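Read through the structure below, which is laid out as structure tokens, and then see the notes.
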Amino acid sequence: MLDRDLIRNHPDLVRNAIARKGLNAPIDEFLKVDVTRRQIQTDLQDKQAEMNRISKSIGMLMGQGKKDEAEAAKAQTKDLKDAISLGEGQQRELEAQLRDIELQFPNLPHDSVPNGKDETENVVVRTWGEMPTYEEQPLAHWDVADKLKLLDLPRGAKISGSGFVLYTGAGARLQRSLFSFMVDHQTTKNGYYEVYPPYLVNRASLIGTGNLPKFEEDLYKVDDDLYLVPTAEVPVTNIYRDEILNGSDLTIKLAAYSGCFRREAGAAGKDTRGVLRIHQFDKVEMVKFTKPEDSYDELESLVRDAESILQTLGLHYRVIELCAGDLGAKGAKCYDVELWSPGVGRYLEISSCSNFEAYQSRRANIRFRRAQGDKPEFVHILNGSGLACPRLFSAILETFQQPDGSILIPEALRPYVGTDRITA
RNA sequence: GGAGAGGUCGCAUAGUGGUCUAGUGCGCCGCACUCGAAAUGCGGUGAGGCGCAAGUCUCCGAGAGUUCGAAUCUCUCCCUCUCCGCCA
């Protein structure tokens with residue numbers, strides 16, 4: 001959601017910014033409904049004020065025992081009452097319309113975001129580490145996993161369907177180690193506070209983060225109007241929905257492990273092998289609530305926090321800045337961290353770190369007060385993966401495979417995995 | 001799942017149809033007193049919308065209804081607590 005005043009006063013600025021993303025928004029519709037709504041509201045309020053005056057006078061007349069005068073005053077209210085209930089109906093309807101329109105607006109890209117139409121125009125910001133070299137072409141993780149019995153893909157599909165993965169033995173242990181390690185890392189090294197959220201959320205939460213109403217088809221829905229979380233971003237961001245935070249408590253930095261559930265509608269045929277794109281996966285998510293003036297510094301450190309995991313594990317990666325056309329609807333600015341997968345032979349996105357500015361906080365109504373007595377302002381909200389487990393899992397299998405077929409476990413993970421090497 | 005109780009301005013409470021534009025206490029802010037503090041006294045202290053402004057409207061868990069008028073009455077829903085049942 002955007003600032004209403006901004007759309008009213010600078011519609012062209014909004015239009016142009018959104019065009020940079022290659023998107024559009026119902027700006028004219030917004031302006032039209034907004035004007036009518038305000039006219040009707042002003043008119044309605046005059047009538048309500050008049051009605052309040054009359055009602056109050058009736059109360060006083062009754063108190064003084066002047067029954068006849070009270071009855072006379074009551075008779076006056078008939079027309080007013082009808083007009084008010086008509087106005088209230090219109091007002092309610094227009095406000096609902098306006099809200100629906102508003103929710104369709106994408107966020108505006110930050111000025112620093114480069115132009116570009118799609119992912120081909122993203123910019124590589126930096127790379128870390130060396131691309132590892134091997135005597136022979138390294139195996140893809142699905143082959144490594146097969147040899148070491150770390151995954152049972154056929155049975156995963158039998159249990160739930162394609163895109164659902166059964167981790168087995170050391171594979172299961174490695175997977176469990178990854179998110180434990182990452183949560184510990186973010187809380188002890190980077191200053192995040194750990195939370196562990198519900199996996200089922202209501203519609204209001206999904207509207208708050210911007211997943212609804214637009215992206216319903218990406219989500220699993222269960223009974224009672226609840227949805228499975230596509231990422232911990234949703235429950236964690238909504239922790240403070242409809243709250244006013246103390247400015248002195250900002251920046252708030254939260255880290256959460258959760259399962260993630262995505263229908264991946266429309267992604268059929270893309271990255272289907274192994275664990276590259278699956279319906280259920282594990283992820284550690286970082287969410288920050290900041291003052292507006294701090295959010296871009298916090299975005300930089302958020303990316304660094306995501307990177308620090310890969311550096312600790314010794315995995316080669318690069319950071320790219322998304323161009324306007326690849327930003328998506330919600331983000332104002334976004335960096336992706338792409339992890340090198342030697343077996344697949346590609347860089348794969350493993351983290352996406354975004355500054356949403358006040359886009360989500362307007363939708364979720366999350367504000368802060370700088371000091372006692374100050375007007376509440378919207379916080380800026382950022383989030384980033386820290387990190388997604390399956391692609392980290394696969395990169396470890398591919399990067400650290402040894403000539404004898406075993407996997408050397410990175411130092412930092414050994415206490416969690418309980419061994420320095422996974423063998424057949 | 002069953003029975004009961006309850007959701008009021010940061011917290012605690014009052015309010016059961018008409019000066020409630022919601023009172024009081026605590027907390028918080030300002031001022032006074034003080035060398036300073038405590039205590040005390042006085043004043044202030046929610047959010048949102050519309051309006052250039054004066055101002056005005058809305059919000060007492062959410063929604064609908066009755067009424068000239070609803071925190072207060074009716075209905076539906078949500079949440080919390082207690083007891084019972086079931087259960088990881």
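It should be emphasised that the depicted structure is a prediction, and the values quoted were computed from it without experimental measurement. Reminder, nothing fancy here: chain letters follow the sequence lines and each chain counts from 1.
- The side chain of A:Arg92 lies closest to B:A64, out of B:A64, B:G51, B:C57.
- For the residue pair A:Asp305/A:Ser308, the side-chain donor-acceptor check at 3.5 Å is not satisfied.
- A:Arg8 comes within 4.0 angstrom of the backbone, heavy atoms only, and of no base.
- Between the CD atom of A:Gln90 and the P atom of B:C50 there is a distance of 18 Å, given to the nearest Å.
- When both distances must be under 3.5 Å, the Watson-Crick or G-U wobble mate of B:C9 does not exist.
- Between A:Lys375 and A:Asp46, the residue anchored closer to the 5' end of RNA chain B is A:Lys375, taking for each the nucleotide with the nearest heavy atom.
- Figure legend. B:C68 is base-paired to B:G18; pairs are counted as Watson-Crick or G-U wobble with both atom distances under 3.5 Å.
- Considering only the side chain of A:Arg369, B:A47 comes nearest among B:G49, B:A47, B:C68.
- When distances are taken from the side chain of A:Asn52 to each of B:U58, B:G48, B:G49, the shortest belongs to B:U58.
- Rounded to an integer number of Å, the gap from A:Gln41 CD to B:G49 P is 10 Å.
- OP1 or OP2 of B:G51 has at least one side-chain nitrogen or oxygen of A:Arg38 nearer than 4.0 Å.
- Residue contacts for A:Arg53: at a heavy-atom cut-off of 4.0 Å it reaches no nucleic acid atom on any strand shown.
- Of the candidate nucleotides B:G18, B:U58, B:A47, B:G18 has the atom lying nearest to any side-chain atom of A:Ser55.
- Using atom C1' as the reference point in both B:A88 and B:U82, the two lie 23 Å apart (nearest Å).
- For the pair A:Lys117 and A:Glu121, the salt-bridge criterion is met [side-chain N within less than 4.0 Å of a carboxylate O].
- A salt bridge is defined here as a Lys NZ or Arg NE, NH1 or NH2 lying under 4.0 Å from an Asp or Glu carboxylate O, and A:Glu233 with A:Lys330 meets this definition.
- A gap of 7 Å separates the C1' atoms of B:A14 and B:U24, to the nearest Å.
- When both distances must be under 3.5 Å, the Watson-Crick or G-U wobble mate of B:A62 is B:U76.
- Between the C1' atoms of B:G65 and B:C84, the separation comes to 35 Å (whole Å).
- Taking a pair to require two hydrogen-bonding distances under 3.5 Å in either a Watson-Crick or a G-U wobble arrangement, B:U56 pairs with B:G49.
- Pair assignment for B:C42 gives B:G30, based on Watson-Crick or G-U wobble hydrogen-bonding distances that are each under 3.5 Å.
- Under 4.0 Å is where a charged nitrogen must lie from a carboxylate oxygen, and between A:Arg38 and A:Asp34 at least one such pair does.
- Just one residue in the list A:Gln90, A:Gln91, A:Gln97 forms a side chain to side chain donor-acceptor pair (under 3.5 Å) with A:Glu93, and that residue is A:Gln97.
- When each of B:G69, B:G48, B:U56 is scored by its nearest atom to the side-chain atoms of A:Lys81, the top-ranked nucleotide is B:G69.
- Every residue two or more places apart in sequence or in another chain that forms a salt bridge (charged side-chain N to carboxylate O under 4.0 Å, His left out) with A:Arg414 is listed here: A:Glu411.
- A salt bridge links A:Glu321 with A:Lys333: the closest approach of a Lys/Arg side-chain nitrogen to an acidic carboxylate oxygen falls below 4.0 angstrom.
- Nucleotides B:C42 and B:A47 are separated by 28 Å at their C1' atoms, to the nearest Å.
- For A:Pro376, whose side chain is taken as the heavy atoms from C-beta onward, the closest listed nucleotide among B:G48, B:U58, B:C68 is B:G48.
- Atom CG in A:Asn9 sits about 14 Å away from atom C1' in B:C52, given to the nearest Å.
- A distance of about 15 Å separates the P atoms of B:C57 and B:G69, rounded to the whole Å.
- Nucleotides B:G2 and B:C68, compared at atom P, are 38 Å apart to the nearest Å.
- The partner of B:A37, taking Watson-Crick or G-U wobble pairs whose two distances both stay under 3.5 Å, does not exist in any strand shown.
- B:C11 sits 15 Å from B:A62 when the P atoms are compared, rounded to a whole Å.
- B:G61 and B:G7 have their P atoms separated by 8 Å, given to the nearest Å.
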